[in-house]
> 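Following this message is one structure expressed as structure tokens.
Values in this document were obtained by computation on a predicted structure and should not be read as measured data.
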Amino acid sequence: MNERSIHNLTDDERDRILNYKLMVYICSGTDSEKLKWFETINIAGERLTKQELRNAVYAGAWVSDAKRYFSRRGCPAYQIGQDYLTGSHIRQDYLETAIKWISGGKIEAYMSAHQHDPTAIELWNYFQSVIGWIQAIFTVKWAKYMKSVDWGSLYNAYKDEILDPADIETETAKLILDDDVGSKVGIYPYILTRDEKHLSTRAFSDAMRQKAYEKQAGICPICKAEFDISAMDADHIDPWSEGGKTIEDNCQMLCKSCNRRKSSK
């Protein structure tokens, strides 16, 4: 291979390089217009991620400093957050997640407001606080289930509450071993919110529903009225939250109105 530098070239070769005409487009407009423009031209080769596009729009001292914390190989954010975040820090996923957390999902607005800040220390300090809170409250590391949790939202909502890590870990271990819990990732938001929708608990099968319906002769055990099976919901006799299992013997059919009233108590 014939490797040459600019000073090794002949005059005509050097002139062809230095006088080569480049077509340059200057992108102007609002931040949202610039983002759409970048997305439009980003259709060939390796496509940029949304955060890589944002970094181009909001380029400046703040983005450069944020990359130092969140985007470089072996960066500080990766070292402390790799067990709790998904994605690639090199492709800006860690940076995007941190900004989403601190801004409540308003990533562009946050970057626009801080574009000309000299450093990203506010974001880095916040990120360290989130990771420190996770490690203090959820002391046993279940990395398999912790990576996909929206930790920033949980931190923002519950960071000032007094929580018992020992009790939390006892419950976490119990829920991880519970076959009725379909979403192990949902254990963490459930423990803090007590909203069972996060767990995707196992539902009664159609066969269980049919057997319970026939056993009850279509009668709702609460209001004592008769209903078609399509107007009834399967319900745990012993509540799942109190240890009741999703098994045939623990299934009853309630009319939708009675089930809603029971669920709201």
> Which value, rounded to the nearest 0.5 Å, describes the distance between Phe138 atom CZ and Thr172 atom OG1?
6.0 Å
> Return the CG to NZ distance between Asp93 and Lys50, rounded to the nearest 0.5 Å.
12.5 Å
> If only atom types and distance count, is the side chain of Lys147 paired as donor or acceptor with the main-chain N or O of Lys144 below 3.5 Å?
no
> Using the ring pair (Phe, Tyr, Trp, His ring centres under 6.0 Å) criterion, which residues pair with Phe227? Sequence neighbours excluded.
none
> Quick one, Trp124 with Thr119, criterion side-chain contact (heavy atoms from CB on, under 4.5 Å). Give me CA distance, side-chain angles, the key distance, then yes/no.
CA-CA 10 Å; Trp124 172 236; Thr119 72; over 6 Å; no
> Donor-acceptor check, side chain of Asn156 to backbone of Gly152, threshold 3.5 angstrom: yes or no?
yes
> Hey, what do you get for NZ (Lys67) to CH2 (Trp62), rounding to the nearest 0.5 Å?
11.0 Å
> Do Ile99 and Gln51 have side chains that approach each other closer than 4.5 Å (heavy atoms only, starting at C-beta)?
yes
> Tell me whether Ile219 is reachable from Met253 by hopping between hydrophobic residues (I, L, V, M, F, W, Y) whose side-chain heavy atoms are closer than 4.5 Å.
no
> Going by the rule ring pair (Phe, Tyr, Trp, His ring centres under 6.0 Å), which residues pair with Phe204 if we only count those two or more places apart in sequence or in a different chain?
His236
> Could you give me the CA-CA distance, side-chain angles and deciding distance for Asp117 and His114, then say whether side chain to side chain donor-acceptor pair (under 3.5 Å) is met?
CA-CA 5 Å; Asp117 289 359; His114 294 274; 2.6 Å; yes
> Are the side chain of Gln79 and the backbone of Gly74 linked by a donor-acceptor contact shorter than 3.5 Å?
yes
> What distance separates Ser183 OG from Leu175 CG, expressed to the nearest 0.5 Å?
11.0 Å
> Give a yes or no on this: more than 12 heavy atoms of other residues, nucleotides or ligands lie within 6.0 Å of atom NZ of Lys159.
yes
> May I have the step-by-step check of side-chain contact (heavy atoms from CB on, under 4.5 Å) for Ile102 and Phe127, ending in yes or no?
CA-CA 8 Å; Ile102 197 173; Phe127 184 78; over 6 Å; no
> Count I, L, V, M, F, W, Y as connected when their side-chain heavy atoms are under 4.5 Å apart, and connections chain through other members. Are Met146 and Leu163 then in the same cluster?
yes
> Is it possible for you to say whether Met232 and Ile237 belong to one hydrophobic cluster, with membership spreading through side-chain heavy-atom contacts below 4.5 Å?
no
> Measure from the side-chain N and O atoms of Lys184 to the backbone N and O of Ile176, and report whether any donor-acceptor pair falls under 3.5 Å.
yes
> Is there a donor-acceptor pair under 3.5 Å between the side chain of Asn259 and the backbone N or O of Leu254?
no
> Would a 4.5 Å heavy-atom cut-off, applied to side chains only, mark Phe70 and Thr97 as touching?
no
> Give a yes or no on whether the backbone of Asp167 and the side-chain of Glu169 come within a donor-acceptor separation of less than 3.5 Å.
no
> Is it the case that Tyr69 and Asn125 place a side-chain donor and acceptor less than 3.5 Å from each other?
no
> When you measure from the side chain of Ser112 to the backbone N and O of Glu108, does any donor-acceptor pair fall under 3.5 Å?
no
> Can you check whether Tyr188 and Trp151 have ring centres sitting under 6.0 Å from each other?
yes
> Would you call the rings of Trp240 and Tyr190 parallel, tilted or perpendicular if under 30° counts as parallel and over 60° as perpendicular?
perpendicular
> Apply side-chain contact (heavy atoms from CB on, under 4.5 Å) to the pair Lys100 and Tyr110, showing each step before the final yes or no.
CA-CA 9 Å; Lys100 182 182 73 173; Tyr110 184 88; over 6 Å; no
> Can you see which heavy atom on Trp101 is nearest to which on Ser153, and at what distance?
CD1-N, 4.5 Å
> Listed by chain and number, what are the side chain to side chain donor-acceptor pair (under 3.5 Å) partners of Asp235, not counting sequence neighbours?
Gln252, Lys262
> Would you indicate whether Lys174, at its atom NZ, is surrounded by more than 12 heavy atoms from other residues, nucleotides or ligands within a distance under 6.0 Å?
no
> Side-chain heavy atoms under 4.5 angstrom apart, residues restricted to Ile, Leu, Val, Met, Phe, Trp, Tyr: same cluster for Ile247 and Val181?
no
> Any chance you could lay out the side-chain contact (heavy atoms from CB on, under 4.5 Å) test for Val130 and Ile134, step after step, and finish with the verdict?
CA-CA 6 Å; Val130 175; Ile134 299 169; 4.1 Å; yes
> With a 4.5 Å limit on heavy-atom distance, are the side chains of Tyr20 and Arg16 in contact?
no
> Say whether, by atom type as modelled, one donor and one acceptor occur between the side chain of Asn19 and the main chain of Asp15 under 3.5 angstrom.
yes
> If you look at every heavy atom in Asp238 and Asn250, which pair is closest and at what distance?
N-OD1, 2.7 Å
> How far apart are the closest heavy atoms of Cys223 and Cys258, and which atoms are they?
CB-SG, 3.7 Å
> Is it true that a side-chain atom of Thr49 and a backbone atom of Arg91 form a donor plus acceptor pair closer than 3.5 Å?
yes
> Might you work through the side chain to side chain donor-acceptor pair (under 3.5 Å) test for Asp206 and Gln210, ending with a clear yes or no?
CA-CA 6 Å; Asp206 289 342; Gln210 186 66 42; over 6 Å; no
> Hydrophobic clustering (ILVMFWY, side-chain heavy atoms < 4.5 Å, transitive) - are Val63 and Ile121 grouped together?
yes
> Considering residues at least two apart in sequence or located in another chain, which fulfil the side-chain contact (heavy atoms from CB on, under 4.5 Å) criterion with Asp179?
none
> Would you compute the distance between atom CZ of Arg260 and atom SG of Cys255 and round it to the nearest 0.5 angstrom?
8.0 Å
> Could I get the full list of side-chain contact (heavy atoms from CB on, under 4.5 Å) partners for Arg14, not counting sequence neighbours?
Ile6, Leu9, Asp11, Leu18
> If every non-hydrogen atom of Ile131 is compared with every non-hydrogen atom of Ile80, which pair is closest and at what distance?
CG2-O, 3.3 Å
> Using a 6.0 Å cut-off, check whether atom CZ of Arg194 has over 12 heavy atoms from anything other than its own residue.
yes
> Can you tell me how far NZ of Lys211 sits from OG of Ser205, rounded to the nearest 0.5 angstrom?
8.0 Å
> For Arg54 and Met111, indicate whether the former's side chain and the latter's backbone hold a donor-acceptor pair under 3.5 Å.
no
> Using a strict cut-off of less than 4.0 Å between a Lys/Arg side-chain nitrogen and an Asp/Glu carboxylate oxygen, indicate whether Arg202 and Asp178 qualify as a salt bridge.
no
> Identify the heavy atoms of Ser129 and Tyr155 that sit nearest to each other, and give their distance.
CB-OH, 3.3 Å
> If I compare all heavy atoms of Ala66 with all of Leu95, which pair ends up nearest, and what's the gap?
CB-CD1, 3.8 Å
> With sequence neighbours left out, what residues match Gln82 under side-chain contact (heavy atoms from CB on, under 4.5 Å)?
Tyr78, Tyr94
> Below 4.5 Å, heavy atoms only, C-beta onward: do Pro189 and Leu154 meet side chain to side chain?
yes
